[in-house]
Amino acid sequence: MVTQDADVLVVGAGPAGSTLARHLADAGRNVLVLEKSSFPREKVCGDGLTPRAVHELDQLGLRTDESDGWIRNKGLRLLGGGVRMQVPWPEITDFPSYGLVATRSSFDQTLVQHARAGGATVAERTSVTGPVLDERTGHVVGVTARPVDEKGRKAGDERVYRAPVVVAADGVGGRLALSMGLAKRDDRPLGIAVRTYFTSPRHDDDWMEAWMELREGDSSTGPLLPGYGWVFGVGDGTSNVGLGVLDPGSGDIDYRDLLRRWMSSLPAEWRFSEEDQVGPIRGAALPMAFNRTPHYTRGLVLVGDCGGMVNPFNGEGIAYAMQSGRLAARAVDDALDAVDERARERALQSYPAAVRADLGGYYTLGRVFVSLIGHPEVMRIATRFGLPRPGLMKLVVKLLANLADPTSKDATDRVVVALKRLAPAS
């Protein structure tokens, strides 16, 4: 008889994995999360959370009081084409009207602690080395893993962990998915984010600031790049300063140097200088618009960055990682109650269907958006003629952040909702 270590194995304890683990633990499931690093850990991120992400935190039952260090923000401040405009987060049924800022180091640790508090087991410094397959069906029935030290070096013998359902939440690299033959899709966009921190008087800004003019080469005359720079006050004396750009795939752009040049053009009193820098410039890939599919196959569920859940409009990943974790948890919980293998498969297949229903049309629009802003002339026209129009920018913010209210009679909400419904699912 094969020993079962858990009802569900989750590979990776980032926002997607920890969210799924907590939801399933709340449902009474025995959840084991295997995480190769230890907490707190550093991750490349803007640290900004839109109301969509706050909504997912609410769904988890996780308190985000300001007294506990959560920094609230009112909306987006957009700068470009000589225009400076503040657009508040829209009022949406069942959504909060504020965003948050929290460093990924503290955010991920908070989610892991919340998963543990709900009853999930999290094994840190446990590196998954491959899937265990059922010889009869070819389905994943477990994983092999070994303990590692703080530098990722082998620190013990490999062992086998088994469960009826395995979830890949191991990030953009998707090593477990790759071992199952699920490579990333080349027909989906990929973004690049680089960021660092500065001790700065901008640390307590209660707006998330986005600069819409990033230029290749000379900072004033070079062609506009498809992306934006950000300045997010973290509230602890530092600001997170970074940029997100669509990857052209040529490898010609030095993004760290681009960030340095952009920061040098900002006001000196903000202190975005080398002597006030806290830590190095770090970079990461942003897998967008379902760049790895299917999201369920042969006993393996893909969530978060592993499934390419990043929003192609704005590079936001956390909200969609958590949403995918919540939707996957619902399907997995149903699967564990299934009376036979066929019913279990139907339940698990409901997860990719739910993700496509929620995000497929929106991500199709995002792919069109990406193809358009890849042309410098389109970026120039959009920045010069779009930003000065408050009504248009209200609609744009709702579209970029996926914050349209389907119950509203407001024209901007109705336009965005209609576009999402008419677009074919990715």
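The environment of Arg298 atom CZ is dense: over 12 non-hydrogen atoms of other residues, nucleotides or ligands sit within 6.0 angstrom. The number of heavy-atom neighbours closer than 6.0 Å to CZ of Arg63, taken from other residues, nucleotides and ligands shown, is 12 or below. Environment of CD in Glu275: crowded, with over 12 heavy atoms of neighbouring residues, nucleotides or ligands closer than 6.0 Å. Open room surrounds CD on Glu341; 12 or fewer heavy atoms of other groups in view lie less than 6.0 Å from it. Heavy-atom neighbours of Asp157 CG from other residues, nucleotides or ligands within 6.0 Å: at or below the threshold of 12. Few gaps surround NZ on Lys420; more than 12 heavy atoms of other groups in view lie less than 6.0 Å from it.
Across Glu316 and Ala319, no two heavy atoms sit closer than the pair OE2-CB, 3.2 Å. Taking all atoms of both residues into account, the shortest heavy-atom contact from Asp170 to Arg175 is OD2-N, 3.3 Å. Contact record, Tyr362 with Asn311: OH-ND2, 3.0 Å, taken as the closest heavy-atom pair.
Going from atom CG of Asn314 over to atom OH of Tyr228 covers 5.5 Å, rounded to the nearest 0.5 Å. Annotation: the span from Trp207 atom CH2 to Phe232 atom CZ amounts to 13.5 Å, rounded to 0.5 Å. In this structure, Lys36 NZ and Thr126 OG1 are separated by 12.5 Å, a value rounded to the nearest 0.5 Å. Separation of atoms OG1 (Thr238) and CG (Asp204) is listed at 11.0 Å; rounding is to 0.5 Å. Note that CG of Asp68 and OG1 of Thr110 are 9.0 Å apart. Values are rounded to the nearest 0.5 Å. Note that CD1 of Ile92 is 4.5 Å distant from CG of Leu403, once rounded to the nearest 0.5 Å.
Side-chain polar atoms of Arg41 and Gln109 form no donor-acceptor pair below 3.5 angstrom. Between the side chains of Trp230 and Asn240, a donor-acceptor pair is found at a separation under 3.5 Å.
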### Task
Run the numbers on Phe290 and Leu359 for side chain to side chain contact (heavy atoms under 4.5 Å, CB included), then give the verdict.
CA-CA 9 Å; Phe290 299 159; Leu359 300 174; 3.8 Å; yes
### Task
Take Arg282 and Val194 through the side chain to side chain contact (heavy atoms under 4.5 Å, CB included) test and state the conclusion after the steps.
CA-CA 5 Å; Arg282 299 182 184 274; Val194 292; over 6 Å; no
### Query
Should Met288 and Leu246 be marked as a side chain to side chain contact (heavy atoms under 4.5 Å, CB included) after you check the CA-CA gap, both sets of side-chain angles, and the distance that decides it?
CA-CA 10 Å; Met288 298 175 170; Leu246 290 172; 4.0 Å; yes
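A donor-acceptor distance shorter than 3.5 angstrom exists from the side chain of Arg188 to the backbone of Ala289, with no hydrogens or angles considered. Asp149 places no side-chain N or O within donor-acceptor distance of the main-chain N or O of Ala155, the cut-off being under 3.5 Å. Not one N or O on the side chain of Ser18 forms a donor-acceptor pair closer than 3.5 Å with the backbone of Pro15.
With respect to the salt-bridge test (charged N to carboxylate O, under 4.0 angstrom), the residues Glu42 and Arg104 do not qualify. Using a cut-off of 4.0 Å between Lys/Arg side-chain N and Asp/Glu carboxylate O, Arg330 and Asp333 are scored as not salt-bridged. Between Arg22 and Glu56 there is no salt bridge, since none of the side-chain N atoms of the basic residue sits less than 4.0 Å from a carboxylate O of the acidic one. A salt bridge links Asp5 to Arg159: one of the charged nitrogens lies within less than 4.0 Å of a carboxylate oxygen. A salt bridge links Arg261 to Asp257: one of the charged nitrogens lies within less than 4.0 Å of a carboxylate oxygen.
Using cut-offs of 30° and 60° on the angle between ring planes, the pair Phe369 and Phe313 is tilted.
Taking the six-membered ring for Trp and the full ring otherwise, Phe272 and Phe198 have centroids separated by under 6.0 Å.
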